[in-house]
Amino acid sequence: MSVSKVPLAGVIGCPIAHSKSPLLHGHWLKTYGIDGHYVHLHVETSDLEDVIRMMPKMGFVGANVTLPHKEAVFDIADQITDRATLIGAANTLTFRPDGKILADNTDGYGFIANLKDGAPDWDPKAGPAVVLGAGGASRAVIASLLEAGVDDIILTNRTRDRAEQMRGDFGQKIRVVDWIKAPNVLEEGKLVVNTTSLGMTGKSRLRMPLDGLRLDAVVTDLVYTPLKTELLEYAESIGCVAVDGLGMLLHQAVPGFERWFGTRPEVTAESRAAILG
Ligand code: ATR
């Protein structure tokens, strides 16, 4: 007699207590009446492989992965999606019934889905995208913008080398501009994205003159604490379409939930409320 197991999933990180993902997945499990659980998993780097290999045996069908493990899981996975390879990090693991571990990265998907939600009229071909920051989050944003059809990305980063590296990896559609000159290129951006941590509660402010922003620009910030950053507040005050970063967190969770629990969840006002506690 086969006994069906209650499917488990979770988010692996260190530290992890702050993660909002359990609130979101818990909300979806309840909404769709699925008998499953999604938990915080505090896992040290030295234990990562042992823990991941043990998880399917305990009933886990998958997991999200966050700092500092997003790159290390590449060595454990049996299969890595093209988009995860391109981004150089994974955030979603699926434990397949055949025992294989699939690693994917849904951050870029989440970024574009959020943008389409918040700025349905945004056209990737309308003009350049200005991207502030060239860290890990920026890689996912740039990969997804290129995939969406943007063919001119102006990239600026405090450490210019990291932006040059990105151009080396992603090619000619990226123009690198010195951080100090960023205010001058804002006026070219039909889309402006902050991928830096500037503006986040507890971090430095984004001290950049913003008066160059076009009135018809779409402006989005990956920072979602606060929900309305100074960048978004200013953008909105001059009439730009401003898209907050919380939606990216919600949308990036969709493919994992669907793969693990068999239902594609909808990102709704209720899911936003769930994550805001
Ligand atoms: P993440 O994965 O969240 O992108 P990260 O890889 O540490 O994290 O990148 C953080 C980004 O914020 C980088 O673009 C970083 O610029 P540097 O590459 O020069 O470090 C940017 N950043 C962080 N603090 C900054 C500051 N005070 N001024 C300007 N940029 C800053």
Side-chain angles (χ1 to χ4, degrees), residues 11-16 18-21 45 64-74 83-92 103-112 114-115 129-146 153-170 174-186 189 191-210 212 219-227 229-232 234 243-253:
V11 57
I12 302 172
C14 181
I16 198 61
H18 65 282
S19 173
K20 304 273 188 208
S21 294
T45 302
N64 287 119
V65 182
T66 187
L67 297 177
H69 305 315
K70 292 178 99 167
E71 282 139 39
V73 290
F74 272 18
R83 59 188 182 182
T85 305
L86 194 63
I87 294 167
N91 71 340
T92 306
D104 190 13
N105 193 313
T106 64
D107 284 336
Y109 162 81
F111 172 73
I112 295 290
N114 184 41
L115 203 52
V130 174
V131 176
L132 310 179
S138 174
R139 279 190 86 80
V141 166
I142 286 177
S144 65
L145 286 175
L146 290 171
I153 296 177
I154 303 170
L155 177 62
T156 178
N157 193 51
R158 175 181 60 178
T159 311
R160 188 180 166 111
D161 280 359
R162 283 184 102 181
E164 295 287 2
Q165 173 78 47
M166 204 82 92
R167 180 182 151 85
D169 293 346
F170 288 100
I174 296 174
R175 280 191 272 158
V176 176
V177 169
D178 277 339
W179 183 244
I180 190 103
K181 298 208 181 106
N184 309 345
V185 291
L186 280 183
L191 173 71
V192 175
V193 188
N194 175 41
T195 76
T196 74
S197 49
L198 296 172
M200 192 184 292
T201 309
K203 298 277 167 87
S204 306
R205 291 173 56 201
L206 178 69
R207 286 192 197 85
M208 183 180 286
L210 297 171
V219 180
T220 184
D221 201 327
L222 266 50
V223 171
Y224 59 86
T225 50
L227 209 48
T229 59
E230 282 181 77
L231 170 65
L232 294 183
Y234 177 79
V243 183
D244 73 54
L246 186 67
M248 177 174 169
L249 180 68
L250 295 159
H251 282 284
Q252 63 79 31

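When a ligand or atom number is given, it counts from 1 through the structure's own listing order.
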Does S144 use its side chain to pair, donor to acceptor, with the backbone of V141 at less than 3.5 Å? yes

Can you find an N or O of R158 that's nearer than 3.5 Å to an N or O of ligand 1? yes

Residue portion contacting ligand 1 (non-hydrogen atoms closer than 4.0 Å) for R162: side chain

Report yes if G133 has an N/O atom closer than 3.5 Å to an N/O atom of ligand 1; otherwise report no. no

Where the side chain of T225 meets the backbone of M200, is there a donor-acceptor pair that is under 3.5 Å apart? no

Please identify which atoms of ligand 1 are closer than 4.0 Å to at least one heavy atom of A134. 14 (O)

Side-chain donor or acceptor of R83 paired with backbone N/O of N105 under 3.5 Å: yes

Does any N or O of ligand 1 fall below 3.5 Å from an N or O anywhere on S138, backbone included? no

May I ask you to list the atoms of ligand 1 that are less than 4.0 angstrom from any heavy atom of G136? 1 (P), 2 (O), 4 (O), 6 (O)

When distances are taken from atom 23 (C) of ligand 1, the protein heavy atom at minimum range is S197 OG, 3.5 Å

Give the residue, atom name and distance (to 0.1 Å) of the protein heavy atom nearest atom 9 (O) of ligand 1. G135 CA, 3.5 Å

Do N194 side-chain atoms and D221 backbone N/O form a donor-acceptor pair below 3.5 Å? no

Nearest non-hydrogen protein atom, atom 19 (O) of ligand 1: T159 OG1, 2.5 Å

Is R205 reaching over with its side chain to a backbone N or O of G199, donor-acceptor style, under 3.5 angstrom? no

Any N or O of N157 that comes nearer than 3.5 Å to an N or O of ligand 1? yes

With heavy atoms under 4.0 Å as the rule, classify the contact between L222 and ligand 1 as side chain, backbone, both or neither. neither

Under 3.5 Å: donor-acceptor pair, side chain of T66, backbone of G13: no

Report, in ascending order of atom number, the atoms of ligand 1 lying under 4.0 Å from any heavy atom of A137. 1 (P), 2 (O), 4 (O)

I need the nearest protein heavy-atom contact for atom 21 (C) of ligand 1: residue, atom name and distance, please. T196 CB, 3.7 Å

Ignoring hydrogens and geometry, is there a side-chain-to-backbone donor-acceptor pair from T196 to L198 under 3.5 Å? yes

What's the spacing between N114 CG and D244 CG if we round to 0.5 Å? 6.5 Å

Does a donor on one side chain sit under 3.5 Å from an acceptor on the other, for N91 and T106? yes

